[in-house]
Amino acid sequence: MENFRIPKSHPRYESLMKRERLIEGFRKGIVAYAGLIAHGRGEAFDYLIGEKTRDFALDSQKAAIAAIILAKNPVFSVNGNVTALAVDEVIQLAKILNMKIEVNLFYRTEERIRKIVEEFRSRGVDVLGENPDSRIPGLDHSRALCTRQGIYSADVVLVPLEDGDRTRALRNMGKFVITVDLNPLSRSARDANITIVDELTRALKNMISIASEGMTPEEAKSVLEVYDNNRQLSLALKFMSEHLLDISASLEG
Ligand code: PTJ
């Protein structure tokens with residue numbers, strides 16, 4: 001961390017602390033260079049929803065829990081940013097919902113994989129991904145690498161902060177893909193079965209609460225029956241537009 005402390009009284013304390021976690025993750029070799037850029041893009045979109053979880057995101061979070069509850073082999077795919085921001089929340093949610101965790105990197109290096117695996121292992125949690133034995137078809141290079149018992153055979157994959165190419169490739173494998181992405185315009189957001197337009201750590205905390213309350217398979221089925229991802233994306237875009245118009249009106253006085 002830099003040689004100063006962010007005061008708790010700072011109006012944007014939470015956001016600045018997340019930024020510090022990313023920087024710390026980068027220094028530890030967990031976060032990719034591009035991860036810092038991706039975080040900045042996320043921050044900009046978070047402004048557009050007022051840095052709060054909105055109803056459209058809560059509905060998607062509930063649908064995501066429903067899909068995971070109904071899954072046979074749900075897998076939580078983690079990358080550098082997700083680990084740096086929310087390793088403890090990932091572990092907690094995966095435990096409640098009986099999900100496997102697999103490290104799957106876009107900018108894959110063996111060293112980064114090892115460091116991320118160690119982040120989980122030091123908390124007593126074993127994760128997949130260190131010894132891949134399969135490939136996601138249609139993707140070139142090492143970013144296609146995955147494990148047979150994890151992502152390759154998963155029916156539902158939760159892949160937050162994901163690249164559009166891989167989301168599409170997972171869909172082409174017939175998987176049900178859930179993403180968390182503050183940008184409703186991204187290709188991942190448009191291609192996933194469920195897109196949670198919310199900041200990752202806020203989303204995971206809410207999902208932990210929803211999952212802890214419990215949901216019967218019947219309830220889960222009825223939540224999914226009425227879920228429409230395009231409608232949720234449209235609500236997110238409308239919210240952002242109206243939010244900006246409100247701010248603009250308040251400036252006109
Ligand atoms: O660790 P690796 O090698 O797997 O690389 C991870 C990154 C994130 C660098 C890689 O997957 C990547 O390049 O992703 P993209 O294409 O930049 O997409 C990331 C998306 O996540 C963008 O649409 C951002 O707006 C969004 N995003 C960034 N931070 C957050 C976020 N969404 C929710 N919460 C965040 N904290």
Side-chain angles (χ1 to χ4, degrees), residues 12 14-26 28-54 56-57 60-61 64 76-87 89-90 101-117 119-120 127 129 132 136 139 141-146 151 157-170 177-192 194-207 232-233 236-237 240:
R12 303 199 54 260
E14 287 293 326
S15 173
L16 291 173
M17 287 309 291
K18 278 172 208 161
R19 192 180 283 182
E20 289 302 312
R21 281 208 289 276
L22 251 285
I23 294 170
E24 176 71 3
F26 180 74
K28 280 160 86 176
I30 288 171
V31 172
Y33 280 104
L36 299 177
I37 299 169
H39 187 74
R41 191 158 65 242
E43 280 184 345
F45 276 98
D46 208 12
Y47 256 76
L48 303 183
I49 56 171
E51 296 178 301
K52 284 197 181 100
T53 300
R54 302 296 175 178
F56 54 79
S60 300
Q61 286 156 15
F76 200 142
S77 172
V78 295
N79 62 20
N81 286 45
V82 172
T83 306
L85 283 171
V87 61
E89 286 83 0
V90 169
I101 303 171
E102 178 162 339
V103 184
N104 190 245
L105 300 185
F106 185 78
Y107 300 99
R108 185 183 175 105
T109 67
E110 293 316 307
E111 198 189 343
R112 218 148 60 76
I113 292 269
R114 200 173 34 74
K115 287 185 172 163
I116 293 172
V117 167
E119 261 328 88
F120 284 89
V127 296
I136 301 168
L139 288 179
H141 304 303
S142 54
R143 68 200 172 110
L145 293 173
C146 64
I151 288 177
V157 192
L158 171 57
V159 329
L161 280 61
E162 183 55 308
D163 150 80
D165 239 22
R166 208 156 49 183
T167 304
R168 181 46 29 211
L170 291 170
V177 178
I178 303 164
T179 196
V180 182
D181 194 330
L182 277 160
N183 177 3
L185 302 170
S186 79
R187 282 193 308 132
S188 300
R190 309 278 293 265
D191 268 351
I194 295 177
T195 304
I196 297 165
V197 182
D198 198 7
E199 197 283 320
L200 175 78
T201 47
R202 285 200 307 266
L204 290 181
K205 284 187 177 126
N206 292 335
M207 289 166 79
Q232 297 309 114
L233 291 176
L237 286 168
M240 289 176 178

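Both ligands and their constituent atoms are indexed starting at 1 by order of listing. Counting from 1, the numbers follow the sequence of the chain as shown. Atom set for the values below is all heavy atoms of this structure, side chains included, hydrogens, waters and symmetry mates excluded.
Among protein heavy atoms, atom 5 (O) of ligand 1 sits closest to Y107 CD1, 3.7 Å. Nearest to atom 4 (O) of ligand 1 among the protein's heavy atoms is F106 N, 2.7 Å. Looking from atom 34 (N) of ligand 1 to the surrounding protein, the closest heavy atom is L200 N, 2.9 Å. Taking atom 1 (O) of ligand 1 as the reference point, the nearest protein heavy-atom neighbour is G80 N, 2.9 Å. From the protein, the heavy atom lying nearest to atom 6 (C) of ligand 1 is N79 ND2, 3.6 Å. For atom 32 (N) of ligand 1, the nearest non-hydrogen atom of the protein is L182 N, 3.2 Å.
Heavy-atom neighbours of R190 CZ from other residues, nucleotides or ligands within 6.0 Å: at or below the threshold of 12.
R112 has no carboxylate O lying under 4.0 Å from a charged side-chain N of E110, or vice versa, which leaves the two without a salt bridge. For the pair E111 and K115, the salt-bridge criterion is met [side-chain N within less than 4.0 Å of a carboxylate O]. Using a cut-off of 4.0 Å between Lys/Arg side-chain N and Asp/Glu carboxylate O, E119 and K28 are scored as salt-bridged. Between D46 and R202 there is a salt bridge, since a side-chain N of the basic residue sits under 4.0 Å from a carboxylate O of the acidic one. A salt bridge between D198 and R54 is absent, with no side-chain N of the basic residue lying under 4.0 Å from a carboxylate O of the acidic one.
For atom 18 (O) of ligand 1, the nearest non-hydrogen atom from the set K18, R41, E43 comes from R41. Which of L85, I30, L161 comes nearest to atom 21 (O) of ligand 1 through a heavy atom is settled by distance: it is L161. For atom 28 (C) of ligand 1, the choice among A34, G35, A38 with the nearest heavy atom turns out to be A38. Atom 24 (C) of ligand 1 has its nearest heavy-atom neighbour, among D181, I196, N104, in D181.
Closest approach of T195 to A189, counting heavy atoms only: OG1-O, 2.6 Å. Nearest heavy atoms, A86 versus L204: CB-CD1, 3.8 Å.
Considering backbone and side-chain N/O of E199, one or more are found under 3.5 Å from N/O of ligand 1. Between S186 and ligand 1, no pair of N/O atoms sits closer than 3.5 Å. For the pair R108 and ligand 1, the shortest N or O to N or O distance does not fall below 3.5 Å. Not one N or O of L105 is nearer than 3.5 Å to an N or O of ligand 1, by distance alone.
For D198, the closest heavy-atom approach to ligand 1 falls below 4.0 Å.
Within the 6.0 Å centre-distance limit, the rings of F26 and Y33 are counted as a close aromatic pair.
Which parts of ligand 1 touch R112 is read off a 4.0 Å heavy-atom cut-off, strictly below it: atoms 1 (O), 2 (P), 3 (O). Per-residue contacts place E162 under 4.0 angstrom from the following atoms of ligand 1 (heavy atoms of the residue considered): 18 (O). For ligand 1, the atoms lying closer than 4.0 Å to a non-hydrogen atom of N183 are 23 (O), 25 (O).
With rounding to the nearest 0.5 Å, the separation of OG1 in T83 from CG in L105 is 8.0 Å.
Partner of N104 under the side chain to side chain donor-acceptor pair (under 3.5 Å) criterion, chosen from R143, R166, E162: R166.
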